[in-house]
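None of the values given here were measured: they were computed from a predicted structure. Indexing begins at 1, ligand by ligand and atom by atom, following the structure's order.
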Amino acid sequence: MTVDLTKLMRPHLAGDVQTYDSMDPPEVLAQQYGVAPEDVIKLNGNENPYGYSPKVRDAVANAPLQHYPDPMQRRMRDALSDYTGLGPEHIILGAGSDELIHLVFQMFVAPGDKILDFDPTFGMYNFCARVAGATIEMVPRDELFEIDLDAARSAIDDRTKIIFVATPNNPTGNLASDDQIAGLLDTGRVVVVDEAYFEFCGETSASMIAEHDNLVILRTMSKWAGLAGLRIGYGMMSEDLVRRIFDIKPPYNINVAAEAALLASLEDAPALQENVQLIVDERERLTSLLNELPGVTCWPSSGNYVLCQFAPGRAPELYQGLARKGIFVRFFNTDRLRDCFRAAIGTPEQTDALVDALRELV
Ligand SMILES: Cc1ncc(COP(=O)(O)O)c(C=O)c1O
């Protein structure tokens, strides 16, 4: 039987949905550009070049994979409570902070509702909004990539439900100030402050949760703890909102291996922090090396990546040139970022390879 399934679909998903611009794995990139997989330098995903804690391997090997995980995430919430200083009743975990972004949409956004996004920023908010059938109000950041609070206030209307702020912002690397976040919270909308890169800057709005029921802070184990492949993130928010999101989340969303990995990583946090420090030091070294190259501006960053800007029109060609040498960075084909790419901070050897390659190409 032939059925026109589009007639049964939610109307906003029946046409072409502009999907998330995701990354291909290293072996696929290697094949596309004719380089050996072992020569690939992968700097396109803001991943951790030092990988995960050695304690994770044993923990995952011994995890009780035959059982379903704890739907209430008790042990992880207790461990994260020690790590963050917030009570476990303020914490909920997702399969990556990506899943929590989806859950926040499910909780608050109906088709036709509106979200506010500060362009340029992480593409996931925008993507989830399209999937939810929401309208996206893109408020441009200023020439220094700062949030324009007045523009945000005037873009808000009755249908605006959520405002997203990544801090440090991906891909521009700059932080939102406490005043900017307080100003957004005063609008009475849900404000999602995405602190995916918290460990690389130490700046957080966590202390504002006690006073603001509309604040949702997101964090991840993907970056500082090197667990991107296991998909573990967490949210911090009011106790009431945690309870409500628990009620709608897939019950077993954090798998047993991910739980074991998170607990082992938090036990080994001091060692992982040493790697974070290496990355922060390397970020400063890469920034100055890039700024010495003719025609290159490297924006200061508080994350584990930097945004590099080139003379108009050159970025796509430089991206291709690097890729042919096996070095993969992130190019964004958007109006605001057309002359830029973002490079994750790698090991000192990877920094040298990137800078040498760029020196040749520019
Ligand atoms: C700002 C920001 N938030 C969230 C994420 C996704 O984190 P996760 O791996 O926990 O889904 C990223 C990943 O690059 C990011 O840059």
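The single protein non-hydrogen atom nearest to atom 7 (O) of ligand 1 is Ser97 OG, 3.1 Å, given as residue, atom name and distance. Remark: minimum distance from atom 12 (C) of ligand 1 to any protein heavy atom is reached at Phe122 CZ, 3.4 Å.
Contacts with ligand 1 closer than 4.0 Å are made by side-chain heavy atoms of Ala196 only, the backbone lying farther away. In Lys223, the part holding a heavy atom less than 4.0 Å from any atom of ligand 1 is the side chain. Using a 4.0 Å cut-off between heavy atoms, Asp98 contacts ligand 1 through both its backbone and its side chain.
Applying the ring pair (Phe, Tyr, Trp, His ring centres under 6.0 Å) rule to pairs touching residues 78-102 yields Tyr83-Trp224, sequence neighbours excluded.
For atom 3 (N) of ligand 1, the nearest non-hydrogen atom from the set Ile232, Asn169, Asp194 belongs to Asp194.
Close approach of ligand 1 to Thr220 is summarised as follows: ligand atoms under 4.0 Å from at least one heavy atom of the residue are 7 (O), 8 (P), 9 (O), 10 (O). Close contacts of ligand 1 with Ser222, meaning ligand atoms under 4.0 Å from a residue heavy atom, involve 8 (P), 9 (O), 10 (O). Near Arg231, the atoms of ligand 1 lying under 4.0 angstrom from a non-hydrogen atom of the residue are 8 (P), 9 (O), 11 (O).
Centroid-to-centroid, the aromatic rings of Phe105 and Phe164 come within less than 6.0 Å.
For the pair Asp352 and Arg285, the salt-bridge criterion is met [side-chain N within less than 4.0 Å of a carboxylate O]. Salt-bridge annotation for Arg330 and Asp21: present, with a side-chain N of the basic residue lying under 4.0 Å from a carboxylate O of the acidic one. Using a cutoff of 4.0 Å between basic side-chain nitrogens and carboxylate oxygens, Lys42 and Glu47 are scored as salt-bridged.
Taken together through direct or relayed side-chain contacts under 4.5 Å among Ile, Leu, Val, Met, Phe, Trp and Tyr, Val109 and Leu116 form parts of separate hydrophobic clusters.
Between Leu263 and Ala79, the closest heavy-atom pair is CD2-CB, 3.7 Å.
The shortest N/O to N/O separation between Tyr125 and ligand 1 does not fall below 3.5 Å.
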